[in-house]
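Given the structure is predicted, the values throughout are model-derived calculations rather than measurements. Chain letters run A, B, ... following the sequence lines, proteins first, then strands; residues in each count from 1.
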Amino acid sequence: MRPVRSDLAPRPGLSRDEMESLQRRVAEAAVFEDDLPFDPARVSLDSPERENETLTDATAPGGDADSPPLVAGIDQSFLDDRALSAVVVLRGGEVVERVHAVSDLDLPYIPGLLSFREGGPILDALAELDCDPDLLVFDGSGRIHFRQAGLATHLGVVCDAPSIGVAKSLLCGTPDEDVDGRPEGWRTPIRADDSVDPVGGHPAGPETTIGYAFQSRQYDSRPIVNPLYVSPGHRLSAATAVDLVSQLSGSYKLPEPTRLADAYADEAKAQYED
DNA sequence: GCGACAG
DNA sequence: ATCTTGTCGC
């Protein structure tokens with residue numbers, strides 16, 4: 001998979017102000033409404049049943065009428081000053097491709113500028129892909145970001161691909177309701193607050209839903225498991241983003257694509273440790 | 001000045 | 001993210 005908007009790609013050597021203004025340009029280019037080349041209802045972990053199926057072109061955008069869309073999960077692990085970016089692609093419940101790349105890191109982790117640290121390395125891994133995913137699921141935020149341009153939004157726009165951000169903690173914004181001790185499947189909107197700037201046609205008032213808190217898993221009744229914070233990256237709405245994450249949830253807290261990428265990032269890491 | 005913050 | 005043993009429970 002190749003970058004389509006390389007002009008907006010995270011480049012090393014930018015000043016903080018330059019990185020922030022690039023994020024505003026990314027937000028301007030971002031689409032937080034459904035603009036998908038496939039039916040979101042077809043995204044699932046169920047393996048397609050193709051018994052009496054005739055020969056079809058499963059490589060077309062969105063696949064054929066029976067095969068589910070290709071969903072890529074992306075995550076990283078670290079080795080000293082290098083990042084190992086892993087990508088696992090699923091079609092229904094089947095893993096169809098796994099690739100990874102090891103890249104040097106230019107910046108430290110700075111809240112709000114994550115895509116400038118991990119974005120380049122992730123693009124390195126995506127370039128290794130033979131297939132062309134219909135949806136990208138990132139570990140981190142999308143629109144839930146100070147300038148509405150988190151990692152998922154930045155790379156979704158650069159690749160011009162539908163993308164979703166799945167974070168384990170909240171960067172900014174305010175949940176409509178208290179998120180503790182909620183049952184599986186529960187969700188509540190995350191509204192923009194004072195720390196979120198309006199950018200390029202995307203408002204940032206309390207009426208703006210920039211994402212959702214989503215309880216993907218809960219064991220008993222104890223508030224042991226925190227919710228996930230799901231936000232649209234590019235080409236879909238916040239509501240569709242949570243629905244998709246819900247559809248991609250298996251038996252664990254993280255949705256399957258991201259969980260598998262997380263495991264693969266650790267597994268592959270062992271090959272590079274001195 | 002204080003607070004607060006994805007991975 | 002990463003450093004890390006055991007431990008509680010389905």
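With pairs defined as Watson-Crick or G-U wobble and both atom distances under 3.5 Å, not a single stem of at least three pairs touches DNA chain B.
For A/D106, the side-chain contact (heavy atoms from CB on, under 4.5 Å) partners are A/P12, not counting sequence neighbours. Residues meeting the side-chain contact (heavy atoms from CB on, under 4.5 Å) test with A/D266, sequence neighbours left out: A/S77, A/D262. Under the salt bridge (charged side-chain N to carboxylate O under 4.0 Å, His left out) criterion, A/R191 pairs with A/D176, sequence neighbours left out. Partners of A/E184 according to the side-chain contact (heavy atoms from CB on, under 4.5 Å) rule, which considers only residues two or more places apart in sequence or in another chain, are A/R217, A/Q218. Residues meeting the side-chain hydrogen bond (donor to acceptor under 3.5 Å, both in side chains) test with A/R16, sequence neighbours left out: A/E20. With sequence neighbours left out, the side-chain contact (heavy atoms from CB on, under 4.5 Å) criterion links A/A239 to A/Y212, A/S237.
A/R147 and A/Q23 share a donor-acceptor pair across their side chains, judged by distance under 3.5 Å alone.
Residue contacts for A/S195: at a heavy-atom cut-off of 4.0 Å it reaches no nucleic acid atom on any strand shown.
Of the side-chain N and O atoms in A/K269, one or more sit less than 4.0 angstrom from OP1 or OP2 of C/dT2.
Sorted by first and then second residue, the ring-ring contact (aromatic ring centres under 6.0 Å, His included) pairs involving residues 112-140 of chain A (not counting sequence neighbours) are A/F116-A/H154. Legend: ring-ring contact (aromatic ring centres under 6.0 Å, His included) pairs involving residues 83-102 of chain A, not counting sequence neighbours, sorted by first then second residue: A/H100-A/Y264, A/H100-A/Y272. Note on residues 155-210 of chain A: pairs passing ring-ring contact (aromatic ring centres under 6.0 Å, His included), not counting sequence neighbours, are A/F32-A/H202.
In this structure, the CG atom of A/L105 is 14 Å from the P atom of C/dA1, given to the nearest Å. Spacing between atom CG of A/L107 and atom C1' of C/dA1 amounts to 15 Å, rounded to whole angstrom units.
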Task: Nucleic acid footprint by protein, nucleotides 2-7 of chain B - heavy-atom cut-off 4.0 Å, B for base, S for sugar-phosphate alone - done: ---BBB

Open item on the list: Could you write out DNA chain C as dot-bracket? Rules: Watson-Crick or G-U wobble, both distances under 3.5 Å, brackets [ ] for crossings, | for pairs with another strand, dot for unpaired.
Closed with: ..........

